[in-house]
Protein chains: 2
Amino acid sequence: MYFCNMGTKLVDGSISVDCWERLRAINDTKDILSGKWKVMIIACLASFGKKRYMELQRLLAGIGTKMLSKELQELEINGLITRTVMNTKPITVEYELTNYGHSLKPIIDEMALWGKSHRGKIIDEIAKKE
Amino acid sequence: MYFCNMGTKLVDGSISVDCWERLRAINDTKDILSGKWKVMIIACLASFGKKRYMELQRLLAGIGTKMLSKELQELEINGLITRTVMNTKPITVEYELTNYGHSLKPIIDEMALWGKSHRGKIIDEIAKKE
DNA sequence: CAGTATCCTAATGGATACTG
DNA sequence: CAGTATCCATTAGGATACTG
């Protein structure tokens, strides 16, 4: 019998410490990857390597400057990407995944895998209905 | 040169179809797992097996009835969990991961793994500063 | 017990204009 | 080019009361 604190509140739960730590870890990862664009930014940088601000904005069709800046800053704070101001005129800025950022690859890969098969499943189901 | 439609807008992007489909798949998965509690619900059902509504609410410290119902419904719609009304008085309801729900295990596992090591890294960094 | 319904707040995120 | 600042709309989500 242990106390389970998932975020803010305390709850008396009869789950093991191991299990609770696992759930907390999952939650931590979720928080790091929160926001509408973060996963996609990481995936883009993983696929395409170094990218400038503008290039990212073009890849992430629909993202505005505010969100792009915000999400990039949060990723940088968490050590997942680097921001390099280039010595050009006017200045350009390059964003790149850090090694630590690359450590998210297994998660992204699994998400890509599942998402692909999921879409296949949906399409199959639609086909059967017709 | 292909057109990249990530959600609603069209963008002229010079990325390959494969790459674009991969990004779309990642996005799809992200959508399915959206919301504050969905990942945690899945992880709980994966760890503990069948759970009743009340039990889930206790495990997910802090969740309210509205959110729990909503997230469970969305998971059910997507075929990730089953909802079984038991023949008791008063009625009880059991939620359980489907086989399809279990197919998310690799993602959850990778998230647990990364989150655990991430917390370790943060703790190390704090320790070094002191 | 397992929810719905309602109300309300906080947070998210988009559009636009502007700046070094 | 790479952002900030501002305003605004939408949504997510929490608290509470209520129902079969």
Side-chain angles (χ1 to χ4, degrees), chain A residues 5-11 13 27 30-42 44-45 48 50-78 81-96, chain B residues 5-11 13 27 30-42 44-45 48 50-78 81-96:
Chain A
N5 176 0
M6 199 58 75
T8 51
K9 297 195 180 174
L10 285 171
V11 138
N27 229 24
K30 195 181 144 295
D31 287 345
I32 298 282
L33 299 179
S34 69
K36 190 170 175 182
W37 303 95
K38 239 161 264 166
V39 174
M40 211 48 37
I41 291 173
I42 294 168
C44 279
L45 292 177
F48 305 125
K50 251 178 251 180
K51 280 291 155 195
R52 286 189 298 113
Y53 188 87
M54 247 288 164
E55 295 176 311
L56 277 174
Q57 195 171 13
R58 260 191 291 266
L59 283 171
L60 303 165
I63 195 172
T65 55
K66 195 186 78 174
M67 285 308 296
L68 183 52
S69 299
K70 195 194 127 215
E71 305 265 68
L72 286 171
Q73 281 164 17
E74 289 173 4
L75 290 173
E76 195 191 0
I77 285 170
N78 284 312
I81 63 171
T82 55
R83 176 181 180 276
T84 312
V85 180
M86 308 304 286
N87 195 13
T88 54
K89 259 193 190 180
I91 59 155
T92 53
V93 178
E94 277 184 358
Y95 291 93
E96 190 175 12
Chain B
N5 176 0
M6 198 58 76
T8 50
K9 297 196 180 173
L10 284 171
V11 138
N27 230 24
K30 196 182 144 294
D31 287 345
I32 298 283
L33 299 179
S34 69
K36 190 170 175 182
W37 303 95
K38 241 162 262 166
V39 175
M40 209 48 38
I41 291 172
I42 294 168
C44 278
L45 291 178
F48 304 126
K50 249 179 254 180
K51 281 290 155 195
R52 287 188 299 112
Y53 187 86
M54 247 288 164
E55 295 175 313
L56 278 174
Q57 195 171 12
R58 260 191 290 266
L59 283 170
L60 302 166
I63 195 172
T65 55
K66 195 186 78 174
M67 285 307 296
L68 183 52
S69 298
K70 194 193 126 216
E71 305 266 68
L72 286 171
Q73 280 164 18
E74 290 172 6
L75 290 172
E76 195 191 359
I77 285 170
N78 284 313
I81 62 171
T82 54
R83 175 179 180 278
T84 312
V85 180
M86 308 305 285
N87 194 12
T88 53
K89 258 194 191 177
I91 59 155
T92 53
V93 179
E94 278 185 357
Y95 290 94
E96 190 175 12

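Below, read A as the first sequence line, B as the second, and so on, with proteins coming before strands; counting in each chain starts at 1.
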Lys30(A) NZ to dG13(D) C1', in whole Å, measures 12 Å
Listed in order of residue number, which residues of residues 64-73 of chain B have a non-hydrogen atom at under 4.0 Å from DNA chain C? Thr65(B), Lys66(B), Ser69(B), Gln73(B)
Whole angstrom value for the distance that separates P of dC1(C) from CD of Glu94(B): 14 Å
Among dG3(D), dG14(C), dG3(C), the one nearest any side-chain atom of Lys36(A) is dG14(C)
Can you list the residues that meet the side chain to side chain donor-acceptor pair (under 3.5 Å) rule with Thr84(B), with sequence neighbours excluded? none
Can you tell if the side chain of Leu59(B) reaches within under 4.5 Å of the side chain of Lys51(B), non-hydrogen atoms only? yes
Report the distance from atom CD of Gln73(A) to atom NZ of Lys70(A), rounding to the nearest 0.5 Å. 10.0 Å
Measure CG/Leu60(B) against C1'/dA2(C) and give the value in whole Å, please. 15 Å
In residues 81-90 of chain A, which residues come under 4.0 Å of DNA chain D by heavy atom? Arg83(A), Pro90(A)
Check the distance between dA15(C)'s P and Ile63(A)'s CD1 and give it to me in whole angstrom. 11 Å
Please report the shortest heavy-atom distance between Ser69(B) and Tyr53(B), naming the atom on each side. OG-OH, 3.0 Å
Do the side chains of Ile41(B) and Leu68(B) get nearer than 4.5 Å, heavy atoms only? yes
Heavy atoms only: give me the nearest Tyr95(B)-Leu45(B) pair and the separation to one decimal. O-CD2, 3.6 Å
Could you list the donor-acceptor pairs under 3.5 angstrom formed by side chains in residues 85-93 of chain A, with sequence neighbours left out?
unit_1, atom_1, unit_2, atom_2, d
Thr88(A), OG1, Pro90(A), O, 3.0
Thr88(A), OG1, Thr92(A), N, 3.0
Thr88(A), OG1, Thr92(A), OG1, 3.1

How close or far is atom P of dT12(C) from atom CG of Leu33(A), stated in whole angstroms? 15 Å
To the nearest 0.5 Å, how far apart are CD1 in Ile32(B) and CG in Asn27(B)? 11.0 Å
Of all heavy-atom pairs linking Glu94(A) and Arg52(A), the shortest is CG-CG, 3.9 Å
Taking salt bridge (Lys or Arg N to Asp or Glu O under 4.0 Å) as the definition, give me every residue that meets it alongside Lys38(B), ordered by chain and number, with sequence neighbours left out. Glu71(B), Glu74(B)
Tyr95(A) side-chain N/O to dG3(D) phosphate OP1/OP2 under 4.0 Å: yes
Can you tell me how far P of dC1(D) sits from CD of Glu55(A), to the nearest Å? 10 Å
Between CG of Asp31(B) and P of dT12(C) the distance, given in whole Å, is 17 Å
Under 3.5 Å for both distances, Watson-Crick or G-U wobble, that's the pair rule; now give the dot-bracket for DNA chain C, with | marking pairs to another strand and [ ] for crossing ones. ||||||||||||||||||||
Would you mind reading off the distance between Leu56(A) atom CG and dA2(D) atom C1', rounded to a whole angstrom? 12 Å
Side chain of Met54(B) only, heavy atoms from C-beta on: which candidate in dC1(C), dG14(C), dA2(D) is closest? dC1(C)
About how many Å separate CD of Gln57(B) and CG of Leu72(B), when rounded to the nearest 0.5 Å? 10.0 Å
